[in-house]
Amino acid sequence: MLTLSIFRENKDKVIRGLHKKHVKNPEEIVEQVLLLDRQRRSLQAERDETQNQMNALSKEIGNLMKSGNVEEAEKAKMRSSSLKEKVKELTEQTENLEQELTQLLYTIPNLPHESVPEGQSAEDNVIVQEGGTIPSLPENALAHWDLAHQYNILDFELGNKVTGAGFPFYKGKGAKLVRALINFFLEEAEKAGYTEIQAPHIVNETSGYGTGQLPDKEGQMYKIHQTDLYLIPTAEVPLTNMYRDIILEEKDFPIKLAGYTPCFRAEAGSWGAHVRGLNRLHQFDKVEIVRIERPENSYDVLEEMCAHVQSLLEKLELPYRRIKLCGGDISFNAALCYDFEVFSAGQKKWLEVSSVSNFESFQANRLKLRYRTKEGKIQLAHTLNGSALAIPRVLSALLENNQTPHGILIPKVLQPYCRFDKID
RNA sequence: GGAGAGAUGCCUGAGUGGUUAAAGGAGCAGUUUGCUAAACUGUCACCGGUGUAAGCUGGUGCAUGGGUUCGAAUCCCAUUCUCUCCGCCA
C-alpha cells in the first residue's frame, strides 16, 4: 500500500507511476484519495475537539461528585448527553471515511522504479543479461514429461488419481533430485549469509494482507474450509510477516532469511499444452530468500540477490537469462522486478525459475514494518524477496538439457547431494 | 478435551470506577568529564491541529471486538492467546 504522504507531497509522481503501470484514470484515483484524506482529517479535527470537551466535562462531574454537589453534577450529566451523541456520530463518520480510503489504497499498485522500462506486456520486457550455453540436442530429444515416463522418476497420472491435475508424484531418483536441489539451494543461501527458517505452511488473513496477496490475489490462494487460514503461495508470506508490527534498530540489519516451503497456487488460469508437465503446478517446492533493508541500501541489495540467483544457475550449468520486467508486466506489489529464466531444451522453451523484487516500502506500509534511524526517526523499511530457486522448472531444464543416449547426467555440483551422477 | 489462573510499554511490574500507561530496570541520546566509570537529564506508539523548523497542542491505544457509565486498565459479554493441573497423543 502506498503511503498517504506521497499523494500529499508528490501527486505528479504517483500519476506518472500509475500511467507506467497502465492503471486506468490515475488522475481521478489520486484526486479521490486526496479528497477522502482531506475530509477525514477535518472530520477528525472536529471529533477530537468534541471529545476534548467531553473529557473536560467528565472531569468536572467527577469533582462535583467528590465535593458532594450532586445537583450540579446531575445538570452536567444532562449537558454531556448531547456531546456524547455528537462524538459517536463523528467517530462513526471518521471511521467510515478511513475505511473507504484504505479500501481505495488497497486497489492501487506500487509505483514502478524510474528504471523500469515502458511497456504493455511480457513482449516489452528487456533482457539484461544472458549466460550459459544452450545445448544442441538431437531432433528426437524428449520433453521432461516423456523422460519422466521413460525413467520412471515422475508420475503425473498418479497425481491426477490421488489428488488432481497439478500435483505430481516424484519417484525414486526423481524424488531424490528434488531433495538434493532443496538442500543445495539452502546451503548456498547459508553460505551467502542467510538464516535458514522453517516457517508454517499456513497463514492467517492478516499475513495475507501484510505481503499484499490479499485482497489483490485472493483467487490464487487455497483457503482452508471454515477457517480464515490460507495455504501459502510462497514462503515470502510467512517469512516477511515475521517482521509485521516491528520497529527495528540499526543494529538489527542486515536481515537475511532463507526458507524452503512447498508453495500452493490455486491458479485459476488456463490449462493446456503450454502448462504441461512441471511447467505449472498447484503444489511445488521452492527456496525463497527475503531481505529487509534500509531504503538507501535496497537497490544494492536487489543486485546482490540477483548475483546470488545467477551463481546458482551457473553452478547448475543451465543456460539462463535475466529479464527486467516492464511497467505493464511487473507485479502489483513490486517497484522493480527481475525474472530469471532457464532454457529447457526438450520443449525448447524459456521457463521462469526466479523472480527477484524490491517492494520498497509498499509491503512495509501494510506490515507496519519500520526502523529507527540513527537520528531517532521512525520510518518504513524496504522489503525484498526472490526465488532461489523454484524447483520443478529447474528440474525440467536439468532433465531435458542433460539427456544423452545413456541416461540423464547430473551436474557435478548436485552429485554430493543426491549421490548419483546419472539417471538411467 | 476438562478444571483453574492470567494477558498493562523493550523487560520487570503497581494499579478493584474519577487528573497520570505509577515505579524500577535495559537500550539509546544529551550534559558533565583528560579517558573510563559514576551522576544528572531526556526517551512508548499511532492519528490530527499549528508552525519553515525546533516546538506547542488535541485525540486514541492496558490481548482483540463489543457493552454498561457523565467517566473504564478497573464492571459485563464474546473471541484469541499464555501458564498450571488432569486426560489424550506423533
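Proteins get letters first, then strands, A, B, ... in listed order; numbering begins at 1 in each.
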Going by the ring pair (Phe, Tyr, Trp, His ring centres under 6.0 Å) test, which pairs reach into residues 68-113 of chain A, not counting sequence neighbours? Tyr106(A)-Tyr209(A), His113(A)-Tyr299(A)
Could you check how far CD of Glu250(A) sits from C1' of rG27(B), rounded to whole Å? 14 Å
Considering only atom P, compute the distance from rA72(B) to rU60(B) and round it to an integer number of Å. 9 Å
Separation of rC81(B) P from Asp245(A) CG (nearest whole Å): 18 Å
Regarding Ser80(A), tell me which of base, sugar-phosphate or nothing describes its non-hydrogen contacts under 4.0 Å with the strands shown. sugar-phosphate
Between Phe340(A) and Tyr320(A), how do the two ring planes meet: parallel, tilted or perpendicular, split at 30° and 60°? tilted
Return the value, rounded to whole Å, for the distance between atom CG of Asn63(A) and atom P of rG18(B). 13 Å
On the nucleotide rG71(B), are OP1 or OP2 found under 4.0 Å from the side-chain N or O atoms that Lys84(A) carries? yes
Measuring only the P atom in each nucleotide, how far is rU64(B) from rU8(B)? A whole number of Å is fine. 10 Å
How long is the line joining CG of Leu248(A) and C1' of rC28(B), in whole Å? 15 Å
Determine the interatomic distance between C1' on rU41(B) and the same-named atom on rU33(B); round to the nearest Å. 16 Å
Considering only the P atoms, how many Å lie between rU50(B) and rG34(B), rounded to the nearest integer? 48 Å
Nearest-Å distance for atom pair CG/C1', residues Leu57(A) and rG71(B): 10 Å
Looking only at atom types and distance, does a side-chain atom of Lys21(A) sit under 3.5 Å from a main-chain N or O of Asn110(A), one as donor and one as acceptor? yes
Just so I know, are the side chains of Val33(A) and Ile108(A) near enough to count as touching, which here means a heavy-atom distance under 4.5 Å? yes
I'd like the C1' distance from rU12(B) over to rA7(B), given in whole Å. 15 Å
Identify whether any heavy atom of Met78(A) sits under 4.0 Å from a base atom; if not, whether one sits that close to sugar-phosphate; answer base, sugar-phosphate or nothing. nothing
My validator wants the stems of RNA chain B: runs of 3 or more consecutive Watson-Crick or G-U pairs, both distances under 3.5 Å, written as range with range. B:1-7 with B:80-86, B:10-12 with B:23-25, B:27-31 with B:39-43, B:44-50 with B:55-61, B:63-67 with B:75-79
Will you find, in the side chains of Asp48(A) and Gln44(A), an N or O donor that is under 3.5 Å from an N or O acceptor? yes
Between rU32(B) and rA37(B), how many Å separate the two P atoms, rounded to a whole number? 16 Å
Ile246(A) vs Arg370(A), side chain to side chain contact (heavy atoms under 4.5 Å, CB included): CA-CA, chis, key distance, verdict: CA-CA 6 Å; Ile246(A) 294 276; Arg370(A) 294 161 296 169; over 6 Å; no
Rounded to the Å, how far apart are Ile61(A) CD1 and rG71(B) C1'? 7 Å
Using atom P in both nucleotides, what's the gap between rG67(B) and rA26(B) to the nearest angstrom? 42 Å
Roughly how far apart, to the nearest Å, are rA23(B) and rG1(B) at atom P? 43 Å
Return the orientation label for the Tyr222(A) and Phe264(A) ring planes: parallel under 30°, perpendicular over 60°, tilted otherwise. perpendicular
Could you run through nucleotides 44-64 of chain B and give me one letter per nucleotide, 5' to 3': B if any protein heavy atom sits under 4.0 Å from the base, S if only the sugar-phosphate is that close, - if neither? -SSBSS--------BSS----
Could you tell me how far apart Lys77(A) (NZ) and rG71(B) (P) are, to the nearest whole angstrom? 9 Å
So, Arg244(A) versus Ser207(A): side-chain donor-acceptor pair below 3.5 Å or not? yes
Are Arg179(A) and Cys418(A) close enough that some pair of their side-chain heavy atoms sits under 4.5 Å apart? no
Distance in Å, Ser355(A) OG paired with Leu325(A) CG, rounded so as to fall on 0.5 Å steps: 6.0 Å
